[in-house]
Amino acid sequence: MAAKTQIDKIRLRFAPSPTGMLHAGNARIAILNFLFAKQNNGEFLLRIDDTDTARSQKIFEKAIINDLKWLGLAWQKTMRQSERMHIYAKAADTLRKNKRLYPCYETPDELALARKLQLKNSQPPIYNRDSLLPEKKQQYILEGRKPHFRFKLEHKTIAINDLCRGESKINFANLSDPVLLREDGTPLYTLTSVVDDGECSISHIVRGEDHVTNSAAQSQLFEALGFHIPLFAHLPLMRAQDNDGPLSKREGSLSLQKIRESGEVEAQSLFAYLARLGTARMAQVESSQHALAKEFSFRNFGRASPIFDLHQLAEINRRGLAATDFNDIKKRLASLPLLNNVDQALFWETFRGNITHFDDLARWADLSFSDKVKRELPPREIRSVICEMLTASSSKQDADNQLVGITNCEKFLHILEERLKLKGAKLYRPLRLALLGCPTGPEVARLFILLGQKTLTQRLCGENY
RNA sequence: GUCCCCAUCGUCUAGAGGCCUAGGACACCGGCUUUUCACGUCGGCAACACGGGUUCAAAUCCCGUUGGGGGCACCA
């Protein structure tokens with residue numbers, strides 16, 4: 001028995017169905033699988049669960065792969081269930097031989113009606129195994145019906161150990177025998193997933209708690225097919241902020257593609273947020289994949305379903321950006337307008353602490369370098385002193401006071417304070433309005449360096465000075 | 001309807017009977033620092049859903065109520 005759960009290598013998978021866009025909830029599950037595999041030097045596989053040919057689309061598959069790459073996930077192998085149909089047929093044969101697969105003849109309408117009736121009578125809507133009755137079966141066959149096939153669950157009660165939820169009991173009498181083959185002979189998820197997980201020796205199945213009953217039924221299927229049963233971890237589903245229901249059932253605003261295209265969140269920030277949502281470390285600053293993998297543990301996660309909070313995410317994003325090195329972002333910086341002739345490293349150093357989203361940089365670039373921005377010259381008394389000083393500092397004789405380097409700029413401003421007998425907002429607000437046309441922003445000394453003496457003189461003293 | 005899971009500050013959570021007049025992080029508010037934002041620092045606001053038990057003692061255990069999430073497809 002011990003051998004049944006023996007794990008030779010940690011191997012995880014993320015298995016989306018290409019029937020729509022990935023949303024933040026899917027991404028979280030993908031990330032958690034990835035991190036656990038990474039932590040244990042295991043493998044991480046991507047499996048496209050495209051057995052539902054009516055709903056699966058190639059464009060969704062591409063979008064999913066794009067989204068996962070954007071998030072920074074990497075995987076060893078990509079599989080497609082549509083390419084493995086012969087393998088599922090073989091597995092079905094095995095089950096038939098073992099008398100675990102039996103034909104059923106009810107139509108979808110009949111089944112739906114039966115469920116409705118059961119609910120009305122306070123009964124759980126469980127399949128009643130009518131097709132197992134010889135006389136019913138006989139009658140159905142005489143009617144010329146084509147069968148679909150169900151897996152016969154053993155009706156027993158077992159204890160399941162879930163890495164997230166701990167021990168819980170499951171009574172199989174409360175479950176319907178799952179349909180494994182459609183009337184047209186094509187296999188369903190319950191079968192294909194187990195066959196693939198078994199054949200790939202998946203060690204851990206990490207997914208949302210909407211799968212708990214699936215996992216129970218599938219554990220019997222793993223056994224019936226002679227596979228080791230993987231370890232299971234079912235995480236509480238994320239909820240949306242507006243409490244408008246679970247993410248797993250919703251599309252739209254929280255689709256990864258939309259989040260990505262909005263440009264409001266860095267992939268790394270989203271990754272870190274989703275990796276820790278539901279744990280007590282949600283807002284930690286250190287967020288490299290390495291660090292996240294190292295600290296990962298299923299025990300860290302609460303059992304209640306957490307809310308996806310955009311404000312919290314924005315805060316993580318802001319702090320992440322403030323800590324980002326120029327080298328890690330210079331490629332994207334180059335795509336911003338107005339920065340062609342600008343020292344971009346300097347620009348980044350100047351503004352990285354003043355942005356929440358990367359796109360905020362466009363506004364700072366505009367305020368810094370655009371001719372169209374309205375800026376106000378400082379009042380005359382400030383202007384006259386500062387312009388005198390600027391002229392002096394630009395002369396070669398006064399090399400000591402030239403506006404090069406942050407120290408010199410700070411020194412310059414302190415002298416200005418003393419000469420004008422002005423401090424704080426009284427002095428700096430007018431300077432800001434003159435330099436950027438905006439009363440807030442980075443240190444004025446930094447702006448001095450960024451703008452350079454010529455622009456500085458123009459904006460503080462006017463064109464004709 | 002039924003089965004499973006859950007219930008602590010605005011948010012994510014710590015808490016496995018006395019260490020809890022409930023801790024942390026983020027947000028928020030205020031002081032300091034300061035040249036604005038930020039960073040830093042100090043402080044503040046702020047929660048055990050409700051009702052019954054059990055116990056010398058309950059956020060913690062039990063029961064009920066209420067509330068939330070999930071499952072109950074020829075979807076995945």
Side-chain angles (χ1 to χ4, degrees), chain A residues 15-20 49-52 54-56 81 104 106-108 111-112 115-116 118-127 147-150 160 162 164-166 168-171 173-176 178-190 192-193 207-214 216 234 236-239 241 243 245-246 248-249 273 276-285 300-309 311-312 314-316 318-319 322-323 351-355 410 413-414 417 423-429 431-432 438-445:
Chain A
S17 60
T19 55
D49 280 6
D50 53 357
T51 51
D52 186 351
R55 296 196 301 152
S56 294
Q81 292 198 318
C104 293
E106 297 85 352
T107 65
L111 290 170
R115 279 193 294 269
K116 218 170 149 186
Q118 284 170 311
L119 282 175
K120 213 176 157 187
N121 296 324
S122 297
Q123 300 282 313
I126 307 229
Y127 177 60
H148 55 281
F149 292 85
R150 286 183 192 261
I160 287 194
D162 189 302
C164 277
R165 324 173 94 217
S168 62
K169 275 189 198 137
I170 177 90
N171 180 359
N174 293 329
L175 271 57
S176 292
V179 176
L180 260 33
L181 299 176
R182 295 185 177 89
E183 191 183 313
D184 66 8
T186 56
L188 257 3
Y189 166 79
T190 310
T192 59
S193 183
R207 56 201 343 186
E209 68 183 0
D210 52 335
H211 279 286
V212 286
T213 19
N214 278 337
H234 294 99
L237 263 27
M238 258 175 23
R239 279 176 301 147
Q241 212 159 18
N243 230 346
S248 63
K249 296 285 177 253
Y273 177 64
R276 289 200 270 232
L277 178 62
T279 74
R281 298 172 55 82
M282 185 169 64
Q284 290 292 310
V285 182
N300 291 156
F301 290 85
R303 293 239 248 158
S305 51
I307 291 174
F308 183 87
D309 184 342
H311 292 110
Q312 205 108 37
E315 177 62 17
I316 286 168
R318 186 187 64 69
R319 292 195 291 162
F351 289 111
R352 69 174 175 177
N354 290 70
I355 54 175
E410 280 169 355
L413 287 165
H414 280 126
E417 280 181 16
K423 278 185 93 171
K426 285 208 167 94
L427 170 61
Y428 290 95
R429 198 183 146 88
L431 292 185
R432 287 172 183 290
C438 169
T440 62
E443 281 182 48
V444 170

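First the proteins, then the strands, lettered A, B, ... as listed; each starts at 1. Below, each value reflects all heavy atoms present in this structure, side chains not excepted, and no hydrogens, waters or symmetry copies.
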task: State which residues pass ring pair (Phe, Tyr, Trp, His ring centres under 6.0 Å) with A:H234; sequence neighbours excluded, sorted by chain then number.
output: A:F232
Atom [atom1] of [X] to atom [atom2] of [N]: distance rounded to whole Å?
X	N	atom1	atom2	answer
A:L111	B:C75	CG	C1'	15 Å
A:Y189	B:G71	OH	C1'	13 Å
A:F308	B:G68	CZ	P	23 Å
A:F301	B:A14	CZ	P	11 Å
A:R239	B:G69	CZ	P	7 Å

query: Stacking between A:H234 and the base of B:G70 (centre distance under 5.5 Å, interplanar angle under 30°)?
result: no
message: For A:Y189 and A:H211, take the angle between the two ring planes, folded into 0 to 90°, and tell me which bin it lands in: parallel under 30, tilted 30 to 60, perpendicular over 60.
response: tilted
Tabulate protein N/O versus nucleotide N/O from nucleotides 4-8 of chain B, keeping only pairs under 3.5 Å, one per line.
from : atom 1 : to     : atom 2 : distance (Å)
B:C5 : O4'    : A:R165 : NH2    : 3.3
B:C5 : O3'    : A:R303 : NH1    : 3.0
B:C6 : OP1    : A:R303 : NH1    : 3.4
B:C6 : OP1    : A:R303 : NH2    : 2.7

Output all residues satisfying salt bridge (Lys or Arg N to Asp or Glu O under 4.0 Å) with [X], sequence neighbours left out; order by chain, then residue number.
X	answer
A:E106	none
A:R207	none
A:R55	A:D52
A:D309	none

- prompt: So, is A:T213 close to the B:C3 phosphate, meaning a side-chain N or O under 4.0 Å from OP1 or OP2?
  reply: no
query: Think A:R115 has a side-chain N or O under 4.0 angstrom from the OP1 or OP2 of B:A73?
result: yes
task: Give me the one residue out of A:T192, A:L180, A:V179 that meets side-chain contact (heavy atoms from CB on, under 4.5 Å) with A:P187.
output: A:T192
task: Name all residues meeting the side chain to side chain contact (heavy atoms under 4.5 Å, CB included) criterion together with A:R352; count only those two or more places apart in sequence or in a different chain, and write none if there are none.
output: A:D325, A:W348, A:E349
- prompt: Got a donor-acceptor pair under 3.5 Å from the side chain of A:N214 to the base of B:A76?
  reply: yes
- request: Remember a base hit wins even if backbone is also touched, and classify A:L188 as base, sugar-phosphate or nothing at under 4.0 Å, heavy atoms.
  value: sugar-phosphate
task: Using a 4.0 Å cut-off on protein heavy atoms (strictly under), produce a 5'-to-3' string for nucleotides 24-39 of chain B with B for base contact, S for backbone-only sugar-phosphate contact, and - for none.
output: BSBS-------BBBSS
field: Results of side chain to side chain donor-acceptor pair (under 3.5 Å) for A:R276 - residues two or more places apart only
entry: A:E295
